[in-house]
Amino acid sequence: MTTDNHNLFVALRQAFPADLDATAIETADTATPLYYTWRDLERGTAMLANLIDSLALPPASRIAVQTEKSVEALMLYLAVLRAGHVFLPLNTAYRASEIEYFIANAEPAVVVCAGKNFGWVSKIAFAAGTRHVFTLDEDRSGTLLDRAAFQPDTHTPARCGADDLAAVLYTSGTTGRSKGAMLTHGNLLSNALVLREAWGWRRGEQGRDVLIHALPIFHVHGLFVASHGALLAGAKMIWFSRFDPRAVAARLPQATVFMGVPTLYVRLLGEPALTQAACANMRLFVSGSAPLLQETFTSWQQRTGHTLLERYGMSETVMLTSNPYRPESARRGGTVGRALPGVGLRVRDETGRPLPAGEIGGLEVRGPNVFKGYWRMPEKTAEEFTADGWFKTGDVGKVDAEGYVTIVGRSKDLIITGGYNVYPAEVEGYINDLHGVAESAVVGVPHPDFGEAVVAVVVARPGATLDGAAVSTALKAKIANFKVPKHVAVVKDLPRNAMGKVQKNLLREQHQGLFTR
Ligand code: AMP
């Protein structure tokens with residue numbers, strides 16, 4: 001950077017192409033397509049930043065946003081950075097009791113919500129001491145833009161240090177209360193620059209990339225990895241406010257990059273329009289946020305001629321590992337690739353002993369991308385860092401001799417049955433290989449003799465019928481008895497959150513009384 005201002009917005013804006021009248025974002029699912037130029041982004045974020053400045057908020061105020069995905073919502077994020085405050089995105093699925101918790105915990109100075117929720121959200125916000133509540137809707141209506149319309153369209157970005165907060169992301173928190181991960185301008189920019197190199201974002205003479213953006217923007221994947229990637233490369237985005245496999249498949253011929261969670265790839269594979277010809281211009285398909293099935297990896301290769309690039313990261317750290325971009329043949333299904341440049345990654349057992357290549361243990365990381373801590377939870381933060389400063393990811397995995405990382409599950413999903421450790425991902429892998437199985441989730445539930453018992457929840461392939469007892473019998477021939485599920489439930493779908501993660505906490509709750517009264 002040429003200035004000593006570490007405001008992430010400044011770095012993103014520096015990457016805008018020279019031709020500010022070129023299209024930066026084209027909407028794909030509005031009634032008619034809308035075209036936003038780079039100049040529109042520059043002016044729109046200036047007007048919103050001026051509106052924020054006019055509120056004379058205390059430094060580093062949190063601005064909490066729960067709105068449907070729109071280009072204006074993305075501009076609001078950029079404007080919060082520009083004004084030097086802290087962006088706090090909230091999942092659109094959250095309801096009153098959840099919003100009440102986040103607002104009480106984060107004490108935002110400003111809340112922006114959908115018009116239809118203004119009644120209850122403003123009540124919660126005003127009761128918690130928030131001074132300003134605006135509305136923003138998908139159709140560009142609402143008080144936020146009404147007020148911003150009167151603001152000047154130039155704005156000098158606030159000065160920020162690399163260590164200043166840029167965003168607080170509440171973790172999806174499957175157990176206990178959700179925690180706010182504090183990410184700094186330095187965390188986000190360092191990671192975005194590393195990914196720009198690692199994934200070969202094109203600019204200048206190579207021509208510009210075109211990204212299909214179809215992920216939500218309340219989460220690290222869509223908000224940071226996808227948006228920062230495109231902005232920092234001056235790449236155009238084809239913008240979907242929601243994922244529709246047919247519509248996305250239809251736009252692939254005009255795109256070069258796509259990012260998705262595994263479920264999006266599964267759903268795209270169901271589209272006849274997904275062909276090699278449709279993907280002729282594509283250079284990169286990135287998958288992450290949840291484990292990718294080997295079968296999806298292989299089917300994608302066969303169908304499109306492209307190899308999915310799987311990467312791994314989390315709200316607290318942004319991206320940690322990635323499969324190689326080049327050569328494509330070095331991407332390994334079932335692994336999340338190697339630690340990104342600048343990221344330290346090690347595997348240790350429960351006692352803190354470092355483990356050699358191939359052994360399974362807790363993954364710990366450090367680097368400029370690792371967050372500052374949990375918002376107003378110093379004890380929790382201290383617990384999650386080792387004495388020598390590494391962050392305990394809570395993921396369990398192994399690293400092979402060549403540095404490729406395989407994730408076997410979350411540490412809290414580890415099952416201990418009769419004193420033996422069972423890694424759900426291993427058992428799921430065997431179940432998924434059985435004839436007639438589409439996918440599965442393995443959880444531990446209380447058991448009077450074993451402490452915990454292994455339970456599998458299995459989804460059949462379309463047209464196949466599955467028998468739980470037969471699944472157990474088939475597994476007995478393949479894996480140690482203590483890993484074989486004591487109960488197999490056949491269901492229509494696995495419960496997933498918006499990022500495609502299987503909600504194992506719900507499965508545990510549903511089956512917790514199987515062996516106990
Ligand atoms: P979140 O903070 O919501 O992004 O969730 C982060 C968690 O998602 C990580 O700690 C992992 O457990 C999981 N995760 C992310 N990417 C992958 C991946 N490629 N494979 C398996 N799990 C993943």
Side-chain angles (χ1 to χ4, degrees), residues 89-91 93-94 167-176 178-183 187-188 191 195 199 215-226 259-266 285-294 296-297 300 307-323 331-340 343 345 347 360 362-365 369-371 374-375 384 391-399 404-414 423-426 428-429 432 439 441-442 496-505:
L90 292 168
N91 190 324
Y94 290 145
V168 172
L169 249 60
Y170 278 87
T171 58
S172 21
T174 46
T175 52
S178 180
K179 306 180 287 283
M182 299 191 287
L183 292 155
N187 292 150
L188 297 176
N191 204 241
L195 292 178
W199 293 347
L215 287 163
I217 55 168
F218 51 71
H219 182 263
V220 55
H221 201 166
L223 183 64
F224 301 147
V225 185
M259 297 189 189
V261 297
T263 3
L264 302 198
Y265 289 104
V266 173
F285 289 98
V286 175
S287 175
S289 296
L292 177 71
L293 291 178
Q294 183 66 39
T296 312
F297 180 84
W300 194 267
T307 308
L308 291 175
L309 178 148
E310 189 172 3
R311 96 294 178 281
Y312 154 66
M314 56 202 306
S315 305
E316 289 90 336
T317 62
V318 218
M319 295 302 103
L320 292 165
T321 72
S322 170
N323 268 281
R331 298 180 198 163
R332 297 196 189 152
T335 84
V336 294
R338 301 193 182 101
L340 284 163
V343 174
L345 187 142
V347 186
I360 294 176
L363 297 182
E364 298 178 354
V365 297
N369 52 309
V370 174
F371 76 139
Y374 293 110
W375 173 257
E384 304 299 330
F391 173 61
K392 302 183 214 162
T393 62
D395 289 310
V396 179
K398 58 184 177 186
V399 185
Y404 283 78
V405 179
T406 301
I407 312 256
V408 301
R410 298 283 302 158
S411 57
K412 59 177 183 286
D413 292 335
L414 173 79
Y423 299 103
E426 187 198 359
E428 288 158 8
N432 296 345
E439 57 174 353
V442 166
R496 291 183 190 277
N497 71 10
M499 295 314 293
K501 287 188 219 292
V502 176
Q503 292 169 300
K504 291 203 166 173
N505 54 323

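Each ligand, and each atom within it, is numbered from 1 in the order the structure gives.
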Inset, instruction - For the pair E384 and K179, find out whether any cationic side-chain nitrogen is under 4.0 Å from an anionic carboxylate oxygen. - result: no
Legend entry - Set of residues satisfying side chain to side chain donor-acceptor pair (under 3.5 Å) with respect to E364, sequence neighbours excluded: R346, R348
Legend entry - Non-hydrogen side-chain atoms of H219 and N91 separated by less than 4.5 Å: no
Inset, instruction - Check ligand 1 against R410 and write out every atom of the ligand that is under 4.0 Å from a heavy-atom position of the residue. - result: 10 (O), 12 (O)
Legend entry - Heavy-atom nearest option to atom 23 (C) of ligand 1, drawn from A290, A181, P262: A290
Legend entry - Per-atom contacts of ligand 1 with V220, taking only distances under 4.0 Å to non-hydrogen atoms: 4 (O)
Inset, instruction - Evaluate the side-chain proximity of L169 to F371: yes if any heavy-atom separation is below 4.5 Å, no if none is. - result: no
Inset, instruction - State, yes or no, whether a side-chain contact exists between M499 and P216 at a heavy-atom distance under 4.5 Å. - result: yes
Legend entry - With sequence neighbours excluded, residues passing side chain to side chain donor-acceptor pair (under 3.5 Å) with R331: none
Legend entry - Side chain, backbone, both or neither: L292 near ligand 1, heavy atoms under 4.0 Å: neither
Inset, instruction - Return the option from H221, M314, H219, E310 holding the heavy atom at the smallest distance from atom 18 (C) of ligand 1. - result: E310
Inset, instruction - Could you point out which residue of F297, W199, W300 forms a ring pair (Phe, Tyr, Trp, His ring centres under 6.0 Å) with F285? - result: W300
Legend entry - Closest candidate by heavy atom, reference atom 16 (N) of ligand 1, pool S315, S322, S289: S289
Legend entry - Under 3.5 Å: N/O of R311 near N/O of ligand 1: yes
Inset, instruction - Run the numbers for me: atoms of ligand 1, each under 4.0 Å from some heavy atom of K501, listed by number. - result: 1 (P), 3 (O), 4 (O), 5 (O), 6 (C), 7 (C), 8 (O), 13 (C)
Inset, instruction - Look at ligand 1 and say whether V336 reaches it with a heavy atom at a distance under 4.0 Å. - result: yes
